[in-house]
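Here is the structure we will look at.
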Amino acid sequence: MTEINFKKIKAWPFQEALKLKNRISKMNNKKNVTFETGYGPSGDPHIGTFAEVLRTNMVRNCLKQISNFSTNLITFSDDLDALRKVPDDYPFPEKLEKYINCPLSMIPDFTGKYNSYADRNNNILKDFLNNFGFEYNFISSTGFYKKGKFDKQLLIILKNYDKIMNVILPTLRKERRESYSPFLPICKQSKKVLQVPIKIIDKQNGIIAYKKNNHYEETLVTGGNCKLQWKVDWAMRWSALDVDYEMNGKDLIPSYELSSKISNFIENKVPVNMSYELFLDNKGEKISKSKGNGLSIEEWLEYGSYNSLSLFMYNNPGRAKRLYFDCIPKNMDDYRKLFNNIQNQDDIKKLDNPLWHIHQKKIPSHTYPIDFTNLLNLVTALNTTNASTIKDFVRIYLKESISIAAEKELDNVILLSIQYYKKFILPNINKRKPNKDESKAIKKLVSEIKNLQDHINAEDYQNIIYRIGKEIFPDDLRRWFISLYQILFGSDSGPRLGSFFYVYGKKNVLSLLERSIS
RNA sequence: GAGCCCGUAGCUCAGCGGUAGAGCAUUCGCCUUUUAAGCGAGGGGCCCUGGGUUCGAAUCCCAGCGGGCUCACCA
């Protein structure tokens with residue numbers, strides 16, 4: 001095996017993996033490395049959450065490449081967290097309204113398919129992750145709290161209650177300081193997560209009390225009776241789950257710093273961290289579920305491939321990027337370019353190719369045989385949503401035959417291009433009406449085509465078009481073609497008409513022409 | 001107030017030590033049929049400014065000037 005100097009690899013996941021390896025190497029007896037991504041299932045999974053898992057997995061993949069540590073990736077769902085607001089796009093808002101401040105995992109799923117509201121959102125995320133072929137350990141916060149898997153850390157936090165409060169309180173406003181507590185008791189009657197001041201009753205046995213109506217109610221901090229306020233919760237998880245690496249959006253940089261300080265009073269475990277920039281919508285504003293701006297995972301996948309989405313997520317995580325529909329064609333084409341590049345790259349150069357990271361070093365052997373933008377032009381030019389017509393034209397264009405595997409990719413990308421065309425191109429197309437002369441010529445075209453026998457070839461069509469063009473625009477044949485494109489397709493250029501008519505079929509051609517002059 | 005990101009062609013951006021790049025836009029040329037699903041050729045740049053490091057800086061470091069976002073309530 002040749003020695004590779006990984007410091008020279010520029011790809012960011014390798015640089016992150018090196019940072020992590022250096023840290024881990026200093027620890028004694030460390031054999032397994034844990035990556036964590038956390039998310040709150042308060043609504044449909046956000047594309048940012050998804051990006052975080054994707055990117056974390058890329059770092060994990062690189063660490064495997066440069067070291068012998070075993071690794072695992074935790075996807076942690078903070079589903080004991082309370083519902084604060086009903087998502088705008090939720091189908092049953094009035095039903096959900098009643099459960100404000102209740103843990104997400106204790107709210108029923110009103111769609112009737114899952115065990116709970118959180119379970120639904122968790123499963124949608126898991127489906128996405130599975131489709132991308134990730135290995136991960138999904139952890140439900142609720143499950144861990146209830147099984148007592150956080151009890152040890154909860155007791156340590158209670159023991160160091162004052163020290164932790166001293167770290168947190170200065171970061172809060174006066175009003176919030178009055179009510180703040182790292183422990184949020186879960187009311188046994190209302191099931192609500194309470195944000196109330198607490199009194200410590202028994203540090204040893206983990207008992208606290210909070211004011212309820214006119215008396216003090218006692219509760220255990222352990223066993224899922226209390227949840228931690230999230231910054232403390234985060235720090236607690238690092239210890240309890242032994243987290244070595246975790247990313248976060250730049251909005252959480254101050255929280256990461258605070259949680260790092262808090263962890264000094266738990267078990268002193270702070271993961272290697274990377275912060276990434278947030279995604280922006282087409283106006284340059286942060287995308288969020290509540291605003292519904294930007295793009296969701298589903299929306300991307302409706303018009304673009306999984307791989308194009310992965311590529312977008314791979315590129316420049318440290319930069320604020322506009323995430324909008326127009327990113328899709330560019331990333332579809334970039335993917336194909338990089339795919340072609342990687343075929344001839346040596347083993348070291350491959351490590352810098354985004355595809356190595358996207359595919360977790362298992363590069364596929366084929367991809368779609370035509371650029372997406374090219375295909376979009378074609379679909380636009382043909383002005384059709386018929387997949388087999390489009391495919392026939394792609395065949396003519398490619399000339400050489402394609403493998404069955406590539407053909408499958410082609411079928412898929414044709415469907416995506418049709419979706420894209422319907423949504424973004426078709427609404428803007430303006431076919432114009434023919435003028436008197438043009439109308440006459442098209443009528444003549446119709447009657448000549450009608451008189452031909454059924455199996456006409458492309459050349460025959462082309463000859464008729466030329467002949468009629470010469471009669472009506474003897475000095476400017478070019479204008480004849482442009483006119484036809486404008487009238488039939490709503491654009492100034494298009495496919496060679498003879499070939500198009502041939503592929504499109506006599507019946508379809510006649511109806512297209514007749515419609516244009518009606 | 002603090003933190004993060006960005007300033008490169010008209011626009012959107014890539015490049016991140018070794019000749020300044022792509023797509024779109026623009027200009028010109030090319031259909032009596034051999035890919036107009038366009039094709040070919042061009043124009044367009046103090047790589048924000050000023051210092052530093054270097055044989056060499058758009059690229060690395062420092063300072064400044066612009067622009068944007070985020071956090072300081074919740075997560």
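Quick caveat: nothing in here was measured; it's all calculated off a predicted structure. Naming: A, B, ... by sequence-line order, numbering from 1 per chain.
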When you get a sec, tell me which of B:rA36, B:rU33, B:rC13 is the closest nucleotide to the side chain of A:Tyr485? B:rA36
May I ask you to evaluate whether A:Asn377 reaches the phosphate of B:rG38, defined as a side-chain N or O under 4.0 Å from OP1 or OP2? yes
Decide, applying a 5.5 Å centre-distance limit and a 30° plane-angle limit (both strict), whether A:Tyr466 stacks on B:rU33. yes
Before we go on, tell me: are the rings of A:Trp356 and A:Tyr314 under 6.0 Å apart, centre to centre? no
Roughly how many Å apart are B:rA57 and B:rU19, using the P atom of each and rounding to a whole number? 12 Å
Please name the nucleotide paired to B:rC4 by Watson-Crick or G-U wobble geometry with both distances under 3.5 Å, or report none. B:rG68
Check every strand shown and say whether A:Asp334 touches a base, only sugar-phosphate, or nothing at a heavy-atom separation below 4.0 Å. nothing
Let me know, please, whether A:Glu277 or A:Ile396 comes out on the 5' side of the other along RNA chain B by nearest nucleotide. A:Glu277
Value in whole Å for how far the P atom of B:rU70 lies from CD1 of A:Ile253: 13 Å
Residue matched to B:rG38 through Watson-Crick or wobble contacts both under 3.5 angstrom: B:rC30
If you measure from the C1' atom in B:rG43 to the same atom in B:rA9, how many Å do you get, rounded? 11 Å
Pairing nucleotide - B:rU53, Watson-Crick or G-U, each distance under 3.5 Å: none
When the nearest nucleotide of RNA chain B is assigned to A:Lys470 and to A:Leu497 on a heavy-atom basis, which residue is associated with the more 5' position? A:Lys470
Apply the test side chain to side chain donor-acceptor pair (under 3.5 Å) to residues A:Glu52 and A:Tyr276: give CA-CA distance (whole Å), side-chain angles for both, the deciding distance (0.1 Å), then the verdict. CA-CA 9 Å; A:Glu52 190 175 300; A:Tyr276 52 85; 2.5 Å; yes
Under a 4.0 Å N-O cut-off, is there an ion pair linking A:Glu438 with A:Arg432? yes
Can A:Asp79 and A:Ser140 be said to form a side chain to side chain donor-acceptor pair (under 3.5 Å), step by step? CA-CA 6 Å; A:Asp79 54 9; A:Ser140 152; 2.8 Å; yes
With heavy atoms under 4.0 Å as the rule, sort A:Gly318 into base, sugar-phosphate or nothing. sugar-phosphate
Quote, to the nearest angstrom, the P distance that separates B:rG7 from B:rC31. 44 Å
What is the distance from CG of A:Leu484 to P of B:rG38, rounded to the nearest Å? 17 Å
Test salt bridge (Lys or Arg N to Asp or Glu O under 4.0 Å) on A:Lys227 and A:Asp78; report intermediate values, then the result. CA-CA 10 Å; A:Lys227 191 207 179 305; A:Asp78 192 9; 3.4 Å; yes
Round to a whole Å and report the spacing from CD of A:Glu246 to P of B:rA75. 16 Å
Around atom NZ of A:Lys391, are there more than 12 heavy atoms from other residues, nucleotides or ligands closer than 6.0 Å? yes
A:Asn316 side-chain N/O to B:rA14 phosphate OP1/OP2 under 4.0 Å: yes
In whole Å, measure the gap between the P atoms of B:rU59 and B:rU49 for me. 10 Å
Closest nucleotide among B:rC5, B:rU70, B:rA75 to the A:Arg84 side chain: B:rA75
A:Leu184 CG - B:rC74 P separation (whole Å): 11 Å
Using ring pair (Phe, Tyr, Trp, His ring centres under 6.0 Å) as the criterion, point out the one residue from A:Phe481, A:Tyr504, A:Phe500 that pairs with A:Phe489. A:Phe500
Does A:Asp326 get its side chain close enough to the base of B:rU12, under 3.5 Å, for a donor-acceptor pair? no
Tell which nucleotide pairs with B:rG23, taking only Watson-Crick or G-U wobble pairs whose two distances are both under 3.5 angstrom. B:rC11
Mind calculating the distance between CD1 (A:Ile168) and C1' (B:rC74) to the nearest angstrom? 15 Å
Suppose we define a pair by two distances each less than 3.5 Å, Watson-Crick or G-U wobble; what does B:rG45 pair with here? none
Tell me: CZ of A:Phe372 to C1' of B:rG23, nearest whole Å? 15 Å
With P as the reference atom in both, quote the distance from B:rA63 to B:rG68 in angstrom, rounded to an integer. 23 Å
Could you label the plane-to-plane angle of the A:Trp300 and A:Phe312 rings as parallel, tilted or perpendicular, counting under 30° as parallel and over 60° as perpendicular? tilted
Going through the checks in order, is the side chain to side chain contact (heavy atoms under 4.5 Å, CB included) test met by A:Tyr256 and A:Trp234? CA-CA 9 Å; A:Tyr256 171 79; A:Trp234 202 13; 4.0 Å; yes
Report all interatomic pairs (protein N or O, nucleotide N or O of nucleotides 71-73 of chain B) with separations under 3.5 Å.
| unit_1 | atom_1 | unit_2 | atom_2 | d |
| --- | --- | --- | --- | --- |
| B:rC73 | OP1 | A:Arg173 | NE | 3.0 |
| B:rC73 | OP2 | A:Arg173 | N | 3.1 |

On a whole-Å scale, what distance lies between the P atoms belonging to B:rC39 and B:rG17? 35 Å
Chi angles and distances behind the side chain to side chain donor-acceptor pair (under 3.5 Å) call for A:Tyr485, A:Asn383: CA-CA 10 Å; A:Tyr485 290 133; A:Asn383 197 241; over 6 Å; no
Does a side-chain N or O from A:Gln229 land closer than 4.0 Å to OP1 or OP2 of B:rA75, or not? yes
Rounded to whole Å, how long is the line connecting atom CG of A:Leu280 with atom C1' of B:rC4? 12 Å
Starting the side chain at C-beta, find the nucleotide from B:rA75, B:rU32, B:rC6 nearest to A:Asp81. B:rA75
Distance check, C1' atoms only: B:rC16 and B:rU54, in whole angstrom units. 16 Å
Taking B:rC11 as the reference, what is the distance to B:rC55 when you measure between their C1' atoms (whole Å, please)? 38 Å
Base, sugar-phosphate or nothing for A:Val379? Non-hydrogen atoms, less than 4.0 Å. nothing
For A:Ile262 and B:rA75, give me the distance from atom CD1 to atom C1', rounded to whole Å. 14 Å
